[in-house]
Number of protein chains: 4
Amino acid sequence: MPLTDKSQPKRQKEIMDAAAFVFAHKGFHGASTKDIADRLGIKQAGIYYYFKSKEVALSEVCRVGVEEFHDRARDIAASDISAAAKITATIAAHMTPIHEMPDYVEVFHNERRYLSGDARKPVTALALQYEKTLEDMFREGVADKTFRADLDCRLATLALLGLCNSVLQWYRGENISQINEIARKYAEIVVGGVRQP
Amino acid sequence: MPLTDKSQPKRQKEIMDAAAFVFAHKGFHGASTKDIADRLGIKQAGIYYYFKSKEVALSEVCRVGVEEFHDRARDIAASDISAAAKITATIAAHMTPIHEMPDYVEVFHNERRYLSGDARKPVTALALQYEKTLEDMFREGVADKTFRADLDCRLATLALLGLCNSVLQWYRGENISQINEIARKYAEIVVGGVRQP
Amino acid sequence: MPLTDKSQPKRQKEIMDAAAFVFAHKGFHGASTKDIADRLGIKQAGIYYYFKSKEVALSEVCRVGVEEFHDRARDIAASDISAAAKITATIAAHMTPIHEMPDYVEVFHNERRYLSGDARKPVTALALQYEKTLEDMFREGVADKTFRADLDCRLATLALLGLCNSVLQWYRGENISQINEIARKYAEIVVGGVRQP
Amino acid sequence: MPLTDKSQPKRQKEIMDAAAFVFAHKGFHGASTKDIADRLGIKQAGIYYYFKSKEVALSEVCRVGVEEFHDRARDIAASDISAAAKITATIAAHMTPIHEMPDYVEVFHNERRYLSGDARKPVTALALQYEKTLEDMFREGVADKTFRADLDCRLATLALLGLCNSVLQWYRGENISQINEIARKYAEIVVGGVRQP
DNA sequence: AATGAATGAGTGTTCATTCAT
DNA sequence: TATGAATGAACACTCATTCAT
């Protein structure tokens, strides 16, 4: 049993983490493969043992960054709670990847547009499914009269997503309770508004 | 004042527009000075007649992109209307630059982080003032009991900004009434929530 | 009138000559763009002002290398002399580019195979036309009974070409009479054979 | 002697064949050690078990490619037949390696120039001996008046070699009778010329 | 108001080679 | 008899920038 386990899956994750970090902090085009290698303590050429190209590295990071959201929302949508509760739960669920793997999420948001058409397609598909799942929650709430009858569900979805994703731009929290608190307050605003009821 | 003023100010704006367009569509690091020159129909070296460096071009675009917001919000804050009306008006005002000069705004949002410290400072300062003006509106609303007493004004500000800015990611509207409609619906959600009152 | 005329067409030819020289002596894949630049006394990046890519440089050199042959043979074929005289004249004509621009010819022969399909096509087309013109000379000689009735004209063409091109591998002559002498002797062998008549 | 000898000699030949194939098709500098490894179904690093370096592989392939010619010509030169018959026999003999191991021969012709001085020397020595053996045949023919008295034997040798080697550039025959037919026709041209006697 | 010609630094990528296993 | 992991050197090519004109 060696002291440092350098077996494949773990090492692969280290490489991905380094790529995600560098892409998130410098942008895809502002980041060099040397930046990634430096973070790993290997030489630049060494990363080509793990990734066929810089762009493939980007697409992998993006894929990981979006998968989390989709999986969580689907479970919530299938659960047996009220529409308002689903929205609240989804906001909370949305915060988890932002807290746990902010680099991947940031790269998915800001850098996926630099993927060439073929590499961008599967990533975009997952993102669209997530949007659709959310929109259906709003429709459900309108249908059972929990939400206002005149609510523009498409716009509400986009609003919710914009709201939640903007957290990425300033949140650098360290313990999970902070992000849960944010999620709670955001849910209050979206569901009940800021006005005195 | 000649009828067709082809002198510096007009040409200068064309250069800025080209830079804003290219930075917005390809990102600062993904854009080359040749891309800008191509859009202007001149050769690469020609743009150095107008800008000392690529980074200076970026900082100019960013400055223009943020100034609009700040100016409009200050006027609204000074006006003699209710806090809720101010928020509603600010949302509408926020949409105008997004509609009229989306490239500048997008560059300010996504690319200002690539400015070196010194060039970023004045731009960031304006952005912070804008945030502060907004936050004060929420505080005013809490003080006069229009808004919930337990409202986290800092978070509400960030939420509002995230919400409004996210419009940039999908809005490609052509007439002004579309964006006004969006502003109205967003204001309803923020002020009153999605729930059936 | 400047002392050193650096005007475009002349400079372009200097670049081509350098590329031809380097490709001929080191092979396309063995040659680096730095080798070409060094020969020109400029830095490596400088050659990209003249050529879009290393491969385009190769295709240009190949095109120039083959054009000469084709043009000369066509004129001889159209002239009003006997078939045997045409063959003799063609052999002499074939030697001229080998003497005057051996680098281009060598690159055409040895390196054109490294051109990608699209770039290779026009070059190959010219080469095939040259072959056809030659073959027709042999057919003419068989038709008018100058040449043996059982002569395999296709094979004779390939033989003649192989014979003439092989000169490239050892000839490094300096004055034109040497190559003319070689041409004369080769013509004797092809037309009359080595045997005592 | 085991029936199926899977030990070194056979495997070594497979490796050489793979190297010869790849060098012949892509050129020495255009070929990578990975290309060779792929053809063998092993990983890149694996070929270093068989060859100390890529260049050693090239020199081996070249040596095998030239040995054949030399051995065959020596036997013919020593035989008790006329000079014309020797030339005819040598042309036929020259075709055999071209038919049976074209990759090796092609590599010897086109790529041996990329060998460094020390590695090229033994290969060149064999080639020169072959040339000398051929030239002596022509001299013999001139001496016994079979061939024209004014024949330039050095040039005739070079011509013959150029003629025969050019077959490599287009011949991709499958049965031995084809190449024998070519050899016969070439011998006719060289010995008797193309003219009607 | 712009261009032609170049440069120096850097970028992504390939490749021959090594070495422990 | 090979492979996994890496390295160092090279490579084609891009790019921001300069400067004489």
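For clarity, every value in this text was computed on a predicted model and none was experimentally measured. Chain naming here is simple, since letters A, B, ... match the order of the sequence lines and numbering starts at 1 in each.
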In this structure, how many angstroms lie between the [atom2] atom of [N] and the [atom1] atom of [X], rounded?
X         : N       : atom1 : atom2 : answer
Asp38(C)  : dT7(E)  : CG    : P     : 11 Å
Phe51(A)  : dT11(E) : CZ    : P     : 19 Å
Ile36(B)  : dC15(F) : CD1   : P     : 12 Å
Leu40(A)  : dA5(F)  : CG    : C1'   : 13 Å
Tyr114(B) : dA16(F) : OH    : P     : 15 Å
Gln12(C)  : dG4(E)  : CD    : P     : 13 Å
Tyr50(B)  : dT17(F) : OH    : C1'   : 18 Å
Ile47(D)  : dT3(F)  : CD1   : P     : 11 Å

- request: Would you check, one step at a time, whether the test side-chain contact (heavy atoms from CB on, under 4.5 Å) holds for Arg112(A) with Val107(A)?
  value: CA-CA 7 Å; Arg112(A) 77 168 182 274; Val107(A) 171; over 6 Å; no
Any heavy-atom pair between the side chains of [Y] and [X] that's under 4.5 Å?
X         : Y         : result
His109(C) : Glu106(C) : no
Asp17(C)  : Asp103(C) : no
Lys54(C)  : Phe23(C)  : yes

First of Ile42(A) and Ile42(D) reached from the 5' end of DNA chain F, by closest nucleotide: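 Checking each residue's closest nucleotide, the 5'-ward one belongs to Ile42(D).
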Give every pair of a protein N or O atom and an N or O atom of nucleotides 9-12 of chain F that lie under 3.5 Å apart, one pair per line with the distance.
| unit_1 | atom_1 | unit_2 | atom_2 | d |
| --- | --- | --- | --- | --- |
| dA12(F) | OP1 | Ala31(C) | O | 3.3 |
| dA12(F) | OP1 | Lys54(C) | NZ | 2.8 |
| dA12(F) | OP2 | Thr33(C) | N | 2.9 |
| dA12(F) | OP2 | Thr33(C) | OG1 | 3.1 |
| dA12(F) | N7 | Gln44(C) | NE2 | 3.2 |

Identified pairing partner of dT21(F), criterion: Watson-Crick or G-U wobble below 3.5 Å: dA2(E)
- request: Determine which nucleotide pairs with dA16(F), using a 3.5 Å limit on both distances of a Watson-Crick or G-U wobble pair.
  value: dT7(E)
- prompt: Closer than 4.0 Å, any side-chain N/O of Tyr49(D) to the OP1 or OP2 of dT3(F)?
  reply: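 For dT3(F), neither OP1 nor OP2 has a side-chain N or O of Tyr49(D) closer than 4.0 Å.
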query: Quick one: on DNA chain E, does Glu55(D) or Gly46(B) contact a more 5' nucleotide (nearest heavy atom)?
result: Gly46(B)
query: Can Met16(A) and Tyr104(A) be said to form a side-chain contact (heavy atoms from CB on, under 4.5 Å), step by step?
result: CA-CA 9 Å; Met16(A) 291 253 311; Tyr104(A) 289 83; 3.4 Å; yes
- request: Indicate the ring-plane relationship of Phe28(A) and Tyr114(A), choosing parallel, tilted or perpendicular according to the 30° and 60° boundaries.
  value: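 Parallel: the ring planes of Phe28(A) and Tyr114(A) meet at under 30°.
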message: Rounded to the nearest 0.5 Å, what separates atom OG in Ser59(B) from atom CG in Asp118(B)?
response: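 Result: 11.0 Å between the selected atoms.
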